[in-house]
Amino acid sequence: MITTERLRLRRPVAADAEAIFARYASDPDVTKFVGWPQHQLVEHSRGFVLWSDSEWEKWPAGPYLIESLDDGGVLGSTGLSFESPTSALTGYVIAKDAWGLGYATEALAAMTSLASDLGVRELAAVCHPDHRPSQRVLEKGGFSLSSKRVPTVFPNLDPNRSVDAFKYVY
Ligand SMILES: CC(C)(COP(=O)(O)OP(=O)(O)OC[C@H]1O[C@@H](n2cnc3c(N)ncnc32)[C@H](O)[C@@H]1OP(=O)(O)O)[C@@H](O)C(=O)NCCC(=O)NCCS
């Protein structure tokens, strides 16, 4: 578990599936620019927790649920997705009613610090070229835009088309 000024970040558990579904994973506005299909059923959020468990079993860290320290409510999720013991990707999703409060930036700082503690030497994030808020969060978090583009499918925009996504490196 990680605590920041306003947030608690922790590994998701099965009992979180309903809150994950209701707070962000089923919201079309929140999931527009993410790399996974919007959840249509709470079953899909249960599937996410199972996948998260498999990541945590394989690697020193995995997905984190973001909660408010103030009232314990679910605010979103973040995490590290390892490609090797020294290379990982990060990302973040915040519930719509909590946008614009700096939570993504605060969660990202926790992830860069965690990555460094765990010996990650290459930390990157991939984001859609049109998604300015996310690019701004990465810039504020000390990431720079790489010249590399990463062909990525954004399933909630068009599941049949690959977009040359921006790669940001820390
Ligand atoms: C992107 C997202 C995580 C940002 O979360 P957040 O907690 O609102 O982010 P923060 O408040 O920390 O910072 C947002 C920054 O983007 C800026 N911003 C917002 N809209 C913007 C726009 N249209 N153009 C440029 N900058 C914009 C804000 O002004 C702020 O920067 P500032 O502090 O310099 O003013 C949130 O909108 C979200 O969850 N979106 C849906 C999920 C998603 O797409 N995740 C990213 C996948 S790569």
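Each ligand, and each atom within it, is numbered from 1 in the order the structure gives.
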*asked:* I'd like to know if Gly100 contacts ligand 1, where contact means a heavy-atom distance under 4.0 Å to any ligand atom.
replied: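 Per 4.0 Å heavy-atom rule, Gly100 contacts ligand 1.
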*asked:* For Leu108, state whether at least one heavy atom is located under 4.0 Å from any atom of ligand 1.
replied: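 Judged by the 4.0 Å heavy-atom criterion, Leu108 does not count as contacting ligand 1.
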*Heavy-atom distances under 4.0 Å are what count here, so tell me which part of Glu106 touches ligand 1: side chain, backbone, both or neither.*
neither
*Under 4.0 Å from ligand 1, counting heavy atoms only, is it the side chain of Thr31, its backbone, both or neither?*
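None of Thr31 does.
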Would you say [X] and ligand 1 have an N/O pair spaced under 3.5 Å apart?
| X | value |
| --- | --- |
| Ile94 | yes |
| Val93 | no |
| Thr105 | yes |
| Asp29 | no |
| Ala98 | no |
| Gly102 | yes |

*If you count the non-hydrogen atoms of other residues, nucleotides and ligands that lie under 6.0 Å from CD in Glu139, is the total more than 12?*
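Count over threshold, so yes.
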*Tell me, yes or no, whether the heavy-atom count around Lys148 atom NZ, taken from other residues, nucleotides or ligands under 6.0 Å, exceeds 12.*
no
Rounded distance (nearest 0.5 Å) linking atom [atom1] of [X] with atom [atom2] of [Y]:
| X | Y | atom1 | atom2 | answer |
| --- | --- | --- | --- | --- |
| Leu80 | Trp59 | CG | CH2 | 11.5 Å |
| Asp53 | Lys58 | CG | NZ | 11.5 Å |
| Leu7 | Ile94 | CG | CD1 | 7.5 Å |
| Thr112 | Tyr170 | OG1 | OH | 4.0 Å |
| Leu145 | Phe166 | CG | CZ | 6.0 Å |
| Ser26 | Gln38 | OG | CD | 6.5 Å |

*Could you tell me whether the side chain of Leu89 reaches within less than 4.5 Å of the side chain of Glu83, counting heavy atoms only?*
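Glu83 vs Leu89: side chains touch.
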*If two hydrophobic side chains count as joined below 4.5 Å and joins carry through other members, does Val169 share a cluster with Phe143?*
no
[atom] - nearest protein heavy atom and its distance:
| atom | value |
| --- | --- |
| atom 48 (S) of ligand 1 | Ser134 OG, 3.5 Å |
| atom 14 (C) of ligand 1 | Val137 CG2, 3.7 Å |
| atom 17 (C) of ligand 1 | Arg136 CG, 3.7 Å |
| atom 5 (O) of ligand 1 | Ala104 CB, 3.2 Å |
| atom 20 (N) of ligand 1 | Pro133 CG, 3.5 Å |
| atom 42 (C) of ligand 1 | Val30 O, 3.0 Å |
| atom 13 (O) of ligand 1 | Lys140 NZ, 3.2 Å |

Mark up the atoms of ligand 1 that fall under 4.0 Å of a heavy atom belonging to [X], in ascending order.
| X | result |
| --- | --- |
| Val126 | 48 (S) |
| Trp99 | 8 (O), 36 (C), 37 (O), 38 (C), 39 (O), 40 (N), 41 (C) |
| Leu101 | 11 (O) |

*So which of Asp16, Thr3, Ile66 actually passes side-chain contact (heavy atoms from CB on, under 4.5 Å) with Arg10?*
Asp16
_Any non-hydrogen protein atom less than 4.0 Å away from atom 28 (C) of ligand 1_ =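 Within 4.0 Å of atom 28 (C) of ligand 1, no protein heavy atoms are found.
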*Per-atom contact, atom 35 (O) of ligand 1, protein heavy atoms, under 4.0 angstrom*: no
*Charged N to carboxylate O under 4.0 angstrom, Glu18 versus Arg46?*
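Yes.
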*asked:* Can you check which of Arg132, Lys96, His131, His128 brings a heavy atom nearest to atom 23 (N) of ligand 1?
replied: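 Checking each option, the heavy atom nearest atom 23 (N) of ligand 1 is found in Arg132.
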*Counting heavy atoms only, which of Phe166, Tyr92, Tyr24, Phe154 is nearest atom 3 (C) of ligand 1?*
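Closest candidate by heavy-atom distance is Tyr92.
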_I want to know whether His128 and Phe154 have ring centres closer than 6.0 Å._
yes
*Mark yes or no for whether Asp29, through its side chain, and Lys96, through its backbone, hold a donor-acceptor pair below 3.5 Å.*
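Side chain of Asp29 to backbone of Lys96, a donor-acceptor pair under 3.5 Å: no, none is there.
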